[in-house]
A.B. asks: 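My questions will all concern the structure given below.
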Amino acid sequence: MTKPQFYRDTWVEVQLQDIYENVQSMRQYLDPSVKIIGVVKANAYGHGDVQVAKTALKAGASILAVAFLDEAISLRKSGIEAPILVLGATHSEDANIAIKYNISVTVYEKKWLEEVVGNITDPLSVHIKYDTGMNRLGLKTIDELRTVLDFVKEVSSIKVEGLYTHFSSADEIDTTYTEFQYENFIEAVEYCRNSTNIPIVHCGNSATGLRFPTRLFNAVRLGIAMYGLSPSEEMKEILPFPLKGAFSLHSRLSHVKKIHAGEKVSYGATYTATEDEWIGTVPIGYADGWSRSLSMREVLVDGRRTPIIGRICMDQLMIRLPQKFEVGTKVTLIGKQDDEYISVDEVASALGTINYEITCMISYRVPRVFMDGENMIEVMNPLLHHFD
Ligand SMILES: *Cc1c(COP(=O)(O)O)cnc(C)c1O
């Protein structure tokens, strides 16, 4: 690295080796006939989509999935050549863009297909989404599936590459609803089998892949487990192999001062010192995704838990230090320092949400630093990216 790629003292570290090992563990756990679709939507759950995509492909994934077309185009423009599937809705007017970038899109309405066929000249690859009980996106009945398949047979410009569904509750110990959805999907798969040949059939997210490795048809959509996080708290007890969390969040003290009993800290003056106290200022705030609701929670300094005091500001927060520390001392908000550890799950639980939301919410203002152990491999900093 010849020039610094970020100047602020707050950054995310992503251990690409952990992501590699999580994908490899899944690769070894599953039958070789099951393809791994690496789900890298939302900037790879906040981890950095291009680097994660490359790592996943090296480790045994062969397809990528994102939520919408812009995410797919962004990967293409970064030189990713693997097949990409858009899981969400795509406007029928944008089918030509998907074709131009060789991106597969999801079909869930016949009307959409009719519009697309009117718009395109070159073939478009699609995966048909069948809704087995999530009620988000998908054809809902075998009748609807029949009309779509019949329509597709009559036109040469639509290539049906896949058929899939999504389970709503695969991460819960109780499998009743998943069984119900699975049975519905079997019906759709059987119907298609008698009608046409669809190469890729998939029903599983991470939870399904981990728990029902023999019920995946021939592909699995691997998201959260690739990042080393458990799909749910309940599932932590039954993981078939250890997952390695790849994400950590750090900053450095930018100002350290002593205040006296009675002095107040931050907006609203909600915190009052009860004695002489060492206060550290940390340059991370809610605009970085460190929610105001985390005021009163802890961070790590010098391997110790240290409380956040007063309100979290847009760009900064204050902590009460057990003693004086030098400006520049490392502060860890997610991750390990010596024997102390703040996990993504701990932050999720503090905010009453799931681990998925935590890594996604750390904003574009925080550069992603890709690591191989202690070595920095690459930096992604969208703020400076466009001016290089
Ligand atoms: C996000 C998403 C996934 C990935 O789910 P994980 O629980 O993160 O593995 C799979 N399928 C669809 C349709 C999704 O939207």
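Order of appearance sets the numbers: ligands from 1, and atoms from 1 within every ligand. Numbering starts at 1 and runs along the sequence shown.
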A.B. asks: Okay, side chain of Arg215, backbone of Gly204: is any donor-acceptor separation there less than 3.5 Å?
C.D. replies: no
A.B. asks: Polar-atom distance check: Gly223 versus ligand 1, any N or O pair below 3.5 Å?
C.D. replies: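 Yes.
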A.B. asks: Does an N or O anywhere in Ile224 fall below 3.5 Å from an N or O of ligand 1?
C.D. replies: yes
A.B. asks: Heavy-atom distance to atom 14 (C) of ligand 1: which of Arg221, Lys41, Met134 wins?
C.D. replies: Lys41
A.B. asks: Between Lys153 and Ser195, is any side-chain donor less than 3.5 angstrom from a side-chain acceptor?
C.D. replies: yes
A.B. asks: What protein heavy atom is closest to atom 13 (C) of ligand 1, reported as residue, atom name and distance in Å?
C.D. replies: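 So the nearest neighbour among protein heavy atoms is His166 ND1, 3.6 Å.
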A.B. asks: List ligand 1 atoms under 4.0 Å from Arg136, heavy atoms only on the residue side.
C.D. replies: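 In order of number, 13 (C), 15 (O).
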A.B. asks: Mark up the atoms of ligand 1 that fall under 4.0 Å of a heavy atom belonging to Leu87, in ascending order.
C.D. replies: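 With Leu87 as reference, the close atoms of ligand 1 come out as 12 (C), 14 (C), 15 (O).
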A.B. asks: Begin from the C-alpha positions of Glu161 and Ser104 and carry the test side-chain hydrogen bond (donor to acceptor under 3.5 Å, both in side chains) through to its verdict.
C.D. replies: CA-CA 8 Å; Glu161 188 177 69; Ser104 305; 2.7 Å; yes
A.B. asks: May I ask you to identify the nearest protein heavy atom to atom 7 (O) of ligand 1, giving residue, atom name and distance to one decimal place in Å?
C.D. replies: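 Protein heavy atom at minimum distance: Tyr356 OH, 2.6 Å.
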A.B. asks: I'd like to know whether ligand 1 has Tyr45 as a neighbour, heavy-atom separation below 4.0 Å.
C.D. replies: yes
A.B. asks: Between Tyr164 and His127, how do the two ring planes meet: parallel, tilted or perpendicular, split at 30° and 60°?
C.D. replies: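 Ring orientation, 0 to 90° scale: perpendicular.
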A.B. asks: With a 4.0 Å cut-off on heavy atoms, is His202 in contact with ligand 1?
C.D. replies: no
A.B. asks: For Phe167 and Tyr182, take the angle between the two ring planes, folded into 0 to 90°, and tell me which bin it lands in: parallel under 30, tilted 30 to 60, perpendicular over 60.
C.D. replies: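 The arrangement is perpendicular - the two ring planes meet at more than 60°.
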A.B. asks: Among all protein non-hydrogen atoms, which one is nearest to atom 9 (O) of ligand 1, and what is the separation to 0.1 Å?
C.D. replies: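 Answer, as residue, atom name and distance: Ser206 OG, 2.5 Å.
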A.B. asks: Quick check: Tyr29 with Phe241 (ring centres under 6.0 Å apart)?
C.D. replies: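 Yes, they do, as the ring centres are separated by less than 6.0 Å.
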A.B. asks: Strictly by modelled atom types, are Thr132 and Thr165 linked by a side-chain donor-acceptor pair under 3.5 Å?
C.D. replies: yes
